[in-house]
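Excluded from the calculations below are hydrogen atoms, water molecules and symmetry mates; all remaining heavy atoms, backbone and side chain alike, are included. Just so it is clear, the structure is predicted and the values come from calculations on it, not from any experiment.
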Amino acid sequence: MSVTRWWVAGLVGVVASVAGCGGATEDAPVAESSTSSVVATPVADEPWDPCAIPDSAVEAAGLDVESKSTNLFGDAPLSDDWMTCIWTDPDPGSWYFLGVFSGFQSLDDLRNNDRFGQFSKVEELGGYEFLRADRPSGRSCGFALEVEQGLVYFVLDTMGSEEPQGDPCVEIMRIAGSLHSSLPPAAS
């Protein structure tokens, strides 16, 4: 199976993970590229847009700014309930993609989704690391943070059939730490 097919298969798993939370929206606006270092404040009727993370922060986190997408399957968002943004690590040799999801749901909603499990507190970031139950061990990892208006979570999935070039949980914690200051304020 080609690397692209594995990558798409991984994203399909993430989409399926949140599919119970909403459907596709055809006329929803797509976020423009941001070069500002200001974090966007969510509008009361829509979640914070993770594509508003400044390109400079994305690049500093070691992600490929040019790979930014809201949906690898077209222009429509993945869900009515979740704002999404997806990046890969830079080529050559990309070994993962990172999805950042934002919605009005709670951490309990994520915990109650049987596609996710093994939640453990990450004190230094004020959130929780978790694993995807539908992915083989060592191929995926997540991080969730409750924010003032809902939940932001990251999912890192490896691409292709080759072994990961690192530990997905170590990598996602590095990225989450780097992007932490670009996220909405944590819930109190």
Side-chain angles (χ1 to χ4, degrees), residues 7 10-11 14-15 17-18 30-43 46-72 77-79 81-91 93-107 110 116 119-132 135 139-159 164-188:
W7 191 30
L11 184 60
V14 171
V15 172
S17 297
V18 296
V30 176
E32 295 294 322
S33 294
S34 172
T35 56
S36 167
S37 62
V38 176
V39 175
T41 303
V43 177
E46 67 181 45
W48 170 78
D49 183 358
C51 284
I53 296 172
D55 289 348
S56 58
V58 170
E59 186 172 33
L63 300 170
D64 180 6
V65 172
E66 298 300 315
S67 69
K68 178 167 65 175
S69 172
T70 58
N71 183 345
L72 297 177
L78 294 175
S79 166
D81 296 331
W82 295 95
M83 297 289 287
T84 60
C85 205
I86 303 158
W87 293 272
T88 65
D89 60 323
D91 279 329
S94 290
W95 64 277
Y96 66 81
F97 68 91
L98 176 83
V100 181
F101 299 79
S102 173
F104 293 126
Q105 292 76 3
S106 70
L107 182 61
L110 200 63
F116 303 115
F119 286 80
S120 59
K121 182 76 172 161
V122 180
E123 294 293 337
E124 59 272 16
L125 295 178
Y128 291 82
E129 180 181 289
F130 62 90
L131 298 178
R132 283 190 44 204
R135 295 281 288 159
R139 307 283 304 172
S140 180
C141 196
F143 173 75
L145 175 69
E146 288 189 293
V147 296
E148 287 181 350
Q149 293 189 12
L151 183 73
V152 172
Y153 76 93
F154 297 68
V155 172
L156 186 145
D157 276 317
T158 57
M159 292 191 279
Q165 296 176 19
D167 180 330
C169 289
V170 169
E171 186 69 3
I172 202 165
M173 291 293 89
R174 184 192 65 74
I175 293 168
S178 181
L179 295 177
H180 197 265
S181 65
S182 296
L183 302 178
S188 31

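- In this structure, Glu171 contributes its side chain and Leu156 its backbone to no donor-acceptor pair below 3.5 Å.
- The closest side-chain heavy-atom distance from Arg139 to Pro164 is below 4.5 Å.
- When side chains are defined from C-beta on, Pro168 counts as touching Thr158, because their heavy atoms get closer than 4.5 Å.
- The main-chain N or O of Ala61 is found under 3.5 Å from a side-chain atom of Arg174 such that the two form a donor-acceptor pair.
- When every heavy atom of Val152 is checked against every heavy atom of Val100, the shortest pair comes out as CG1-CG1, 4.0 Å.
- Ring planes of Tyr153 and Phe101: parallel class, angle under 30° (limits at 30 and 60°).
- In this structure, CH2 in Trp87 is found 5.5 Å from SG in Cys51, a value given to the nearest 0.5 Å.
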Chi angles and distances behind the side-chain contact (heavy atoms from CB on, under 4.5 Å) call for Tyr128, Leu110: CA-CA 11 Å; Tyr128 291 82; Leu110 200 63; over 6 Å; no
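- Other residues, nucleotides and ligands contribute at most 12 non-hydrogen atoms within 6.0 Å of the CD atom of Glu66.
- Without hydrogens or angle criteria, Thr88 side chain to Ser67 main chain gives no donor-acceptor distance under 3.5 Å.
- Across all non-hydrogen atoms, the minimal contact from Ser102 to Pro47 is O-CB, 3.5 Å.
- Taking CZ of Phe130 as the reference point, atom CZ of Phe143 lies at 9.5 Å (rounded to 0.5 Å).
- Here the CZ atom belonging to Arg135 is positioned 5.5 Å from the OG atom belonging to Ser140, to the nearest 0.5 angstrom.
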Worked check of side-chain contact (heavy atoms from CB on, under 4.5 Å) between Lys68 and Val58: CA-CA 9 Å; Lys68 178 167 65 175; Val58 170; over 6 Å; no
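- At distances below 3.5 Å, at least one donor-acceptor pair connects side-chain atoms of Asp89 with backbone N or O atoms of Tyr96.
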side-chain contact (heavy atoms from CB on, under 4.5 Å) evaluation trace for Leu145 with Leu125: CA-CA 8 Å; Leu145 175 69; Leu125 295 178; over 6 Å; no
Verdict with supporting geometry, Cys141 and Leu131, side-chain contact (heavy atoms from CB on, under 4.5 Å): CA-CA 5 Å; Cys141 196; Leu131 298 178; 4.0 Å; yes
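- Checking side-chain atoms of Ser182 against main-chain N and O of Ile53 turns up no donor-acceptor pair under 3.5 Å.
- The nearest pair of heavy atoms linking Asp157 to Val155 is OD2-CG1, 3.7 Å.
- Rounded to the nearest 0.5 Å, atoms CG (Asp167) and CD1 (Ile172) are 11.0 Å apart.
- Taking CH2 from Trp48 and CE from Met83, the interatomic distance works out to 9.5 Å, rounded to the nearest 0.5 Å.
- Residue Trp95 holds its CH2 atom at 9.5 Å from CE of Met159, rounded to the nearest 0.5 Å.
- Glu146 places a side-chain N or O within donor-acceptor distance of the main-chain N or O of Leu107, the cut-off being under 3.5 Å.
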